[in-house]
Amino acid sequence: MTNWTEIHEHVQHWIREAGQRIKQSFSTTLHVQSKSNRNDLVTNIDRETEQYFIQRIRDTYPTHTILGEEGFGDDVNSLDGIVWIIDPIDGTMNFVHQQRNFAISIGIYEDGKGKLGYIYDVVHEELYWAQSGKGAFLNDQPLPPLEEGHVEDAVIALNATWVKPNKRIDHQLLIPLVQDVRGTRSYGSAAIEMAYVAAGRLDAYITMRLSPWDFAAGKIIVEELGGKMTKLNGEPLNLLEKSSVFVSKPGLHEKILTKYLHALK
Ligand code: IPD
Ligand code: CA
Ligand code: CA
């Protein structure tokens, strides 16, 4: 039998220690490189942080599988067994430019089912986490279940990229939604945007292309609170694929899908 309480104790400790190391890097010179394009950044600290987790997981849980953004984990093409999905720094552009608004994101799945999810806002020392069936928390404080939301009262996270011509979506589609909601925000870290939906600071977050490590943790935390996380057309997310992501309070999810996103079906 897997001892999830013991895993949780380890992860909490590792995340806070990794966070300390990241903060110590603020006074050092970062080595910044581009990946798929000049705005897709990676630093030596992204790589070192992923290696930090992988070494500890391998030492403690040698039978577990690890999918990490920076490629130091396993070549994962199945969700069988216990799979850790890790983004060592989500919001690297913020990390490089602002030294804030980035997070460590870790989702742990067993045979495809979310078990433990963690999003750690390093600078604010806010750990959003959930254990499936046991509740979601911000540090030690339980987070209340998410209540039904309404479009006209909603503050949604959305990057301006998606309301100008782009290659992923007809940008005209989202303009009525932007007009009807109370406000829009963009924080530049998918994990933090999901944590904010979980904490009720945002009502929804819409984005066109995320990787499994961007949403693996957020999905567990948001769903534990009754929120919904799907592709933009309402289909379930696949933890082994890139996809669009629409995360929202309950009720609001259906309303936005039906009224604004139906053309995507
Ligand atoms: C990125 C951030 C960003 C999102 C990008 C992601 P990274 O992750 O979450 O908010 O818009 O799609 O790739 O590269 O900083 O880990
Ligand atoms: Ca990311
Ligand atoms: Ca990252």
Side-chain angles (χ1 to χ4, degrees), residues 34-42 69 85 87 90-94 97 101-103 105 107 119 146 148-198 200-223 226-265:
S34 298
K35 294 196 282 187
S36 59
N37 63 66
R38 73 178 297 280
N39 301 325
D40 181 11
L41 306 179
V42 64
E69 175 176 16
I85 305 180
D87 190 337
D90 181 66
T92 299
M93 197 187 293
N94 289 347
H97 285 256
N101 299 323
F102 62 87
S105 175
I119 295 172
L146 293 171
E148 296 258 327
H150 304 284
V151 173
E152 60 278 15
D153 302 324
V155 179
I156 64 167
L158 179 75
N159 192 300
T161 308
W162 312 122
V163 282
K164 68 159 183 58
N166 67 83
K167 63 178 182 187
R168 303 231 178 263
I169 187 175
D170 172 8
H171 71 286
Q172 304 280 357
L173 215 67
L174 293 175
I175 292 173
L177 176 63
V178 170
Q179 281 166 338
D180 290 354
V181 293
R182 176 166 284 166
T184 57
R185 299 288 183 270
S186 182
Y187 295 93
S189 156
I192 286 184
E193 282 156 312
M194 290 170 193
Y196 280 11
V197 173
R201 297 177 190 165
L202 285 171
D203 298 283
Y205 167 54
I206 291 176
T207 192
M208 298 313 138
R209 193 125 169 111
L210 291 183
S211 297
W213 43 81
D214 299 313
F215 60 79
K219 185 170 187 299
I220 297 169
I221 302 169
V222 166
E223 290 182 351
K228 306 272 183 218
M229 195 183 295
T230 64
K231 296 182 188 173
L232 224 63
N233 60 6
E235 287 175 6
L237 290 167
N238 181 334
L239 269 302
L240 296 174
E241 276 176 7
K242 288 184 190 237
S243 72
S244 62
V245 172
F246 171 33
V247 48
S248 173
K249 283 184 169 169
L252 184 63
H253 191 270
E254 292 75 21
K255 285 173 200 149
I256 292 178
L257 271 183
T258 320
K259 186 165 176 195
Y260 302 92
L261 306 177
H262 58 93
L264 284 168
K265 291 215 179 218

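The structure presented is a predicted model; accordingly, all values stated were derived computationally and were not measured.
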Kindly give the heavy-atom pair with the smallest separation between [X] and [Y], and that separation in Å.
{"X": "I221", "Y": "A198", "answer": "CG2-CB, 3.7 Å"}
{"X": "A103", "Y": "I192", "answer": "CB-CG1, 3.8 Å"}
{"X": "M194", "Y": "G218", "answer": "SD-CA, 3.9 Å"}
{"X": "I220", "Y": "G107", "answer": "CD1-CA, 4.2 Å"}
{"X": "L252", "Y": "H150", "answer": "CD1-C, 3.6 Å"}
{"X": "D87", "Y": "W213", "answer": "CB-O, 3.4 Å"}

**Request:** Give me the ring orientation class for Y196 and Y187: parallel if the planes are under 30° apart, tilted from 30 to 60°, perpendicular past 60°.
**Result:**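 Judged by the thresholds at 30° and 60°, the geometry between Y196 and Y187 is perpendicular.
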Is the shortest heavy-atom distance from the side chain of [X] to the side chain of [Y] under 4.5 Å?
{"X": "T92", "Y": "K35", "answer": "no"}
{"X": "N238", "Y": "S243", "answer": "no"}
{"X": "S105", "Y": "D214", "answer": "no"}
{"X": "L239", "Y": "F215", "answer": "yes"}
{"X": "L237", "Y": "V245", "answer": "yes"}
{"X": "P236", "Y": "T230", "answer": "no"}
{"X": "L261", "Y": "I256", "answer": "yes"}

So, taking the atom named [atom1] in [X] and the one named [atom2] in [Y], what distance separates them when rounded to the nearest 0.5 Å?
{"X": "N159", "Y": "M208", "atom1": "CG", "atom2": "CE", "value": "9.5 Å"}
{"X": "L174", "Y": "N166", "atom1": "CG", "atom2": "CG", "value": "8.5 Å"}
{"X": "S211", "Y": "E69", "atom1": "OG", "atom2": "CD", "value": "6.5 Å"}
{"X": "T161", "Y": "R209", "atom1": "OG1", "atom2": "CZ", "value": "14.5 Å"}

Considering only distance and modelled atom types, tabulate donor-acceptor pairs under 3.5 Å from the side chains of residues 177-186, sequence neighbours left out.
residue: D180; atom: OD2; partner: Y260; partner atom: OH; Å: 2.5

For [Y], is there any backbone N or O sitting under 3.5 Å from a side-chain donor or acceptor partner on [X]?
{"X": "D203", "Y": "I156", "result": "no"}
{"X": "S248", "Y": "H253", "result": "yes"}
{"X": "K228", "Y": "E254", "result": "no"}

**Message:** Looking only at the side chains, is there a donor atom on one of S189 and D90 sitting less than 3.5 Å from an acceptor on the other?
**Reply:**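 Result is yes, a qualifying pair exists.
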**Request:** Determine whether more than 12 heavy atoms belonging to other residues, nucleotides or ligands lie under 6.0 Å from atom NZ of K259.
**Result:**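 Incorrect, the count does not exceed 12.
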